[in-house]
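Step one of this worksheet: look at the structure below.
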Amino acid sequence: MRNRTYTADAEPGRTVTVAGWVHEIRDLGGIAFLILRDKTGRIQIKFEKDEMDDELVETGLGVHRESVVTVTGDVEEEPRAPTGVEIVPESIEVLAEAAPDLPLDPSGKVDAELSTRLDNRTLDLRKEEVKAIFEIRAEVLRAVREQFRSIGCTEINTPKIVATGTEGGTELFPITYFGREAFMNQSPQLFKQLMIGSGLERVFEIGPIFRAEEHNTPRHLNEATSIDFESAFIDQREAMDACESVVRAAYEAVADNCAEELETLGLADEFEVPEDDFPRISYEEAIERINATGELDEQLVWGDDLSTEAERALGDDVGGHYFITDWPSEIKPFYIKDHDADPQLSTGFDMMHPRMELVSGGQREHRYEKLVEGFEQQGLDPDSFEYYTKMFKYGMPPHAGWGLGGERLVMTMLDLPNIREAVLFPRDRQRLSP
RNA sequence: GCCCGGGUGGUGUAGUGGCCCAUCAUACGACCCUGUCACGGUCGUGACGCGGGUUCAAAUCCCGCCUCGGGCGCCA
């Protein structure tokens with residue numbers, strides 16, 4: 001739209017045309033105010049009924065809330081106006097009238113349940129707090145990309161329609177691909193590893209992953225955004241360094257560039273960029289620390305996976321981001337390399353926020369024979385992964401990498417109660433639309 | 001997949017067998033009001049998820065279904 005002025009840029013003394021949504025109309029009798037909202041904020045339009053054209057007043061005050069209008073008029077300085085300026089309208093055009101019964105209240109006077117909000121996400125996103133989450137999410141993704149680039153990664157995109165899953169046939173959404181069985185990919189794991197042996201050496205991908213697990217929790221999605229990293233010629237320790245740098249870059253960018261959004265979310269004072277290095281706690285030490293908290297009814301023993309309760313106990317104990325390293329080989333996937341000195345111990349690591357797991361990674365098994373052995377040990381048929389394994393025969397360097405849950409990063413960063421808050425249109429067990 | 005708890009006007013809620021042709025707020029409609037900024041005031045409109053059962057009597061108790069949320073497992 002030509003000549004449109006954002007409400008935030010309306011300077012006193014100018015004649016402007018603003019466009020946006022009718023946030024509210026306050027009719028005091030002889031005088032009335034229409035609050036117009038656009039992506040930059042709000043501005044007040046003043047109607048002094050005795051001094052203005054009846055038709056103009058009729059149009060301006062006759063519209064329902066959330067209708068889309070353009071207003072042309074003079075901007076005047078006015079201390080009594082909410083933003084210090086107001087517009088005296090000369091003309092008003094209603095571009096799209098809104099129905100009177102709104103499915104939720106964008107002005108936020110009345111709360112709506114998450115389910116109602118997601119059913120009407122467009123209206124929900126007219127609320128400042130909700131919009132702020134997605135402005136921050138965009139900033140996080142921008143910063144993460146920039147950080148990857150600065151450590152020499154090439155951005156890649158791998159297929160989401162695949163013939164076999166990363167770790168077998170379970171937990172995958174089956175689809176039909178021209179009459180053949182296919183699946184939605186649950187992870188770019190195998191593809192990004194294939195790029196390690198290519199000329200690219202060091203890659204990252206930000207893209208959707210699909211998991212068909214029928215869980216029902218505030219921290220799981222069936223379609224999520226995975227932030228993946230993989231690099232040749234590094235070990236798991238260097239992968240953790242990269243992980244830490246990417247997460248820190250995201251926090252720093254939000255602190256630097258999203259002050260207004262943090263203010264809107266009420267986080268301006270408490271938002272903190274993680275200062276210290278993330279502690280690297282071995283699995284063995286983690287078990288000991290969890291047992292020492294006394295939070296668990298039953299003591300953990302070596303070989304146990306960490307339950308949600310155990311993760312939480314350790315998170316409270318540590319108090320910030322941290323790594324859990326050197327997991328038992330048995331509870332990590334086949335593509336994770338074991339320690340040479342101790343095959344019971346893997347190079348796998350998780351990066352944790354006190355509330356939940358954010359990252360899973362490790363050094364990869366790059367030796368063809370060992371890799372095929374690993375497939376067999378996990379009960380998988382190496383033949384169906386031949387497209388993957390055969391590239392390990394032609395010069396696959398040692399490498400390491402990780403995957404970070406994008407929504408979990410945003411969720412923990414902003415202390416959101418539900419991961420669905422961090423996705424525009426979440427896919428969960430019961431929700432398939434919008 | 002197992003377990004638990006919900007579904008009341010457009011939205012959010014109160015209501016544990018009769019006091020309920022259902023509370024309050026907001027929205028919506030009408031009227032009053034010349035500085036609101038959650039404007040205020042008066043009046044009005046509008047709802048018990050669906051089906052069956054128990055009972056003299058059901059929003060309330062029971063059963064089935066649908067639907068939503070949460071816990072666990074598993075994971076990012």
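All values below were derived from every heavy atom in this structure, side-chain atoms included, with hydrogens, water molecules and symmetry-related copies excluded. So that the names make sense, note that chain A is the first sequence line, chain B the second, and so on, each numbered from 1.
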When both distances are under 3.5 Å in a Watson-Crick or G-U wobble arrangement, the nucleotide paired with B:C50 is B:G64

| query | NA contact type, A:Ala99, heavy-atom cut-off 4.0 Å: base, sugar-phosphate, or nothing? | reply | nothing

message = What contact category does A:Asp119 fall into here, base, sugar-phosphate, or nothing, at under 4.0 angstrom with non-hydrogen atoms?
response = nothing

By nearest-nucleotide position on RNA chain B, the 5'-leaning member of A:Asp305 and A:Asp428 is A:Asp428

Next on the checklist: Counting the atoms with a prime plus P, OP1 and OP2 as sugar-phosphate, which does A:Lys46 contact under 4.0 Å by heavy atoms, base, sugar-phosphate, or nothing?
Outcome noted: base

Scanning both residues in full, the closest heavy-atom pair of A:Arg219 with A:Met356 reads CB-SD, 3.9 Å

Checklist entry - Across the strands shown, which category fits A:Leu358 at heavy-atom distances under 4.0 angstrom: base, sugar-phosphate, nothing? => result sugar-phosphate

| message | Between A:Asp105 and A:Arg65, does any NZ, NE, NH1 or NH2 come within less than 4.0 Å of an OD or OE carboxylate oxygen? | response | yes

Reckon A:Arg312 has a side-chain N or O less than 4.0 Å from the OP1 or OP2 of B:C72? yes

Next item on the list: Ignoring backbone atoms, test whether A:Lys109 places a side-chain nitrogen or oxygen under 4.0 Å from the OP1 or OP2 oxygen of B:A27.
Entry: yes

Which of B:C74, B:A76, B:U26 is nearest the side chain of A:Val110? It is B:U26

Any strand, both distances under 3.5 Å, Watson-Crick or G-U wobble: B:G17 pairs with none

B:A30 and B:G70, which share atom name P, separated by this distance in whole Å
40 Å

Residue pairs passing the ring-ring contact (aromatic ring centres under 6.0 Å, His included) test with at least one member in residues 299-324 of chain A, sequence neighbours excluded, are A:Tyr251-A:His321, A:Phe278-A:His321, A:Tyr283-A:Trp302, A:His321-A:His353, A:Phe323-A:Phe349

A:Ile25 atom CD1 is separated from B:A27 atom C1', nearest whole Å, by 13 Å

Worksheet item: Crowded around A:Arg149 CZ? As in, over 12 foreign heavy atoms under 6.0 Å?
Response: no

